[in-house]
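Right, one structure below, let's go through it.
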Amino acid sequence: MAQLNIVFIASEATPLAKTGGLADVVGSLPHALKQLGHDVTIILPFYRQHLIKNNIQTQALPQTIEMWADHKQHLCPLHEAKVDGLRFALIEQDDLFDREGLYGPAGGAYDDNLLRFALFDRVALEAAATLNKRVDILHCHDWQTGLIPLLLKTQYQHYANIAKAKTVYTIHNLAYQGVFPADWIHRLGLPTHHFHPDGYEFYGQINCMKAGIESADMITTVSPTYAQEILTPEYGCNLEGFLKQHSQKLTGIVNGLDIDDWNPATDKTLAANFAAGKIAGKAKCKQALQQQAGLDIDAKVPLLTLISRLAEQKGIDLLLANATTWLERGYQLAILGSGESADEHALSKLAKAYPKQMYFFCGFDENLARQIYAAGDIFLMPSRFEPCGLGQLMAMRYGNIPVVRATGGLKDTVIDYNQVKSKSTGFHFEAASAQAFDVAVEQAISAFQTPTIWSRIRNRALNRDSSWQASAQTYADLYQTLLKPAPKKKVRKTTSRKTKPRK
Ligand code: GLC
């Protein structure tokens, strides 16, 4: 198979800058593509404060790209970082990216986000054209890079190195589309002839995700079920009709994990290591967390866990509706997350009321997250929608059995006990209701209380292949298909046909 020159363009990637699952995917899929023999460069904004905080060494490159936007010239020096063998090209524009947040202050969005990412998109295209020899694939992610496929086709065809590149646009979450007032079209020089309902116009405004969907050669989303769901009004976020028009180029590919990084047998942050067949360490992890969090130390009590952004999408209301009941039944709860302040308050209040049974850490701490994955018996993911979800993959890898709403990637990656007992790795519930959630949790608890059943489920979860291997191959195949020359059209012979003289 030919070696491809692939450029990822995205707004976040581990370990440089992260707010969510997008960063995990952009930081790990390229490793798997490299292992398949391809060359991958990742282009990101130079988020000065995050690079410093995350101890990322960077080197200035000789190029500075000059870009006009919003009646102003912006100078954008390029930098490079080599992290675990992966090459990142970073675009500096301190006025726009040297900030505390990636997209806004906690819980908010910066007013100039369209300027920030439209400028980044243009500079990234120029950088891709100058840094690499010939780009085969430009792989863009989420609304922040949605303009790239459109700009490439309409305004960047004079750059020989990228003109023929095929574009792949991955939707990680359709709920964030990047919608902005139309007056930016002129301020940013966006192509006006695509500003209509079949292009990037959306109720009179600019919609960056529509630009990506319209112009990309292929659209992917992060699980097969989510690829179906977004064609329906329930999940389509008002783009279901538009997506249907483009459904012939839409496909769902499930995310993987960096399984070397997420490995309970070697994870140094854990009180003890463990693996399928060598499970003793998991009980030590549970005991260590109970102790550290001030919970009753008890191996037999079920420890329910949740690690999540506290947002409407994640079904935190369904958790809150049940939490008191579960605590009253004697279960323990360990929760890590931050987000909507009403949820933060409600969880803090509960943790104060049940200090020996409930632990709530408000914020994000990766080491603590690992300790909770390792300590937990049951992992809760009651999402209203979930494009893929990574928490359930991490949980299974750490022998923490997921109870999930049967939606998107949760449905595709967790095998339900009620459907195929002999293969099950967790429990599903269908309706987004507190009651349905409780029924599934109770089922998990009764399995937990039957050690033979539990150890089988847990072994299957621990042994599940959550690596990138299969999905990276699927992406690579898709890239190759896009690059195959289109079959030649048959030329109709016209020479031998005698044309009747016109009367
Ligand atoms: C978004 C989605 C999540 C997905 C992640 C990576 O954060 O909400 O479901 O796993 O992107 O693709």
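Just follow the structure's listing: the first ligand is 1, and inside any ligand the first atom is 1. In this text the structure is predicted, and so the values were computed from the model without any measurement. Numbering of residues begins at 1 and proceeds along the displayed sequence.
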(request) For atom 6 (C) of ligand 1, state which one of Val254, Val26, Asn255, Thr221 supplies the nearest heavy atom. (result) Asn255
(request) Would you kindly specify which portion of Leu22 sits under 4.0 Å from ligand 1, judged on non-hydrogen atoms: side chain, backbone, both or neither? (result) backbone
(message) Tell me whether Gly389 has any N or O atom under 3.5 angstrom from an N or O of ligand 1.
(response) yes
(request) Ignoring angles and geometry beyond distance, decide whether Gly20 reaches within less than 3.5 Å of ligand 1 through its nitrogen or oxygen atoms. (result) no
(request) Scan side-chain atoms only and decide if Thr266 and Asn273 contain a donor-acceptor pair under the 3.5 Å cut-off. (result) no
(message) At less than 4.0 angstrom from any non-hydrogen atom of Gln313, what atoms of ligand 1 do you find?
(response) 8 (O)
(request) Answer whether the closest heavy-atom distance between the side chains of Phe379 and Val403 falls below 4.5 Å. (result) no
(message) Can you report which non-hydrogen protein atom sits closest to atom 9 (O) of ligand 1, along with the distance?
(response) Glu386 OE2, 2.6 Å
(request) Verify the distance criterion only: is there a donor paired with an acceptor across the side chains of Arg87 and Thr41 at less than 3.5 Å? (result) yes
(message) Salt bridge check, Asp24 against Lys18: does any charged N sit closer than 4.0 Å to a carboxylate O?
(response) yes
(message) Checking side-chain polar atoms at under 3.5 Å, does His139 have a donor or acceptor matched by the opposite partner on Thr170?
(response) yes
(request) Pull out every atom of ligand 1 sitting under 4.0 Å from any heavy atom of Val222, numbered as shown with elements. (result) 12 (O)
(message) Looking only at distances, can you tell me whether any N or O atom of Lys314, backbone or side chain, sits closer than 3.5 Å to an N or O atom of ligand 1?
(response) no
(message) Could you check whether Asp365 pairs with Arg370 (Lys NZ or Arg NE/NH1/NH2 to Asp/Glu carboxylate O, under 4.0 Å)?
(response) no
(message) When you compare the side chains of Gln371 and Asn367, does any donor N or O come within less than 3.5 Å of an acceptor on the partner?
(response) no
(message) We want to know whether Glu386 and Gln392 form a side-chain donor-acceptor pair, criterion being a heavy-atom distance below 3.5 angstrom.
(response) no
(request) Considering heavy atoms of the protein only, find what lies nearest to atom 7 (O) of ligand 1 and give residue, atom and distance to 0.1 Å. (result) Gly21 N, 3.9 Å
(request) Give the numbers and elements of all ligand 1 atoms closer than 4.0 Å to a heavy atom of Asn173. (result) 8 (O)
(message) For atom 2 (C) of ligand 1, what's the nearest protein heavy-atom neighbour? Residue, atom name and distance, please.
(response) His172 O, 3.2 Å
(message) Within the 4.0 Å heavy-atom shell around Val25, which atoms of ligand 1 are there?
(response) 6 (C), 12 (O)
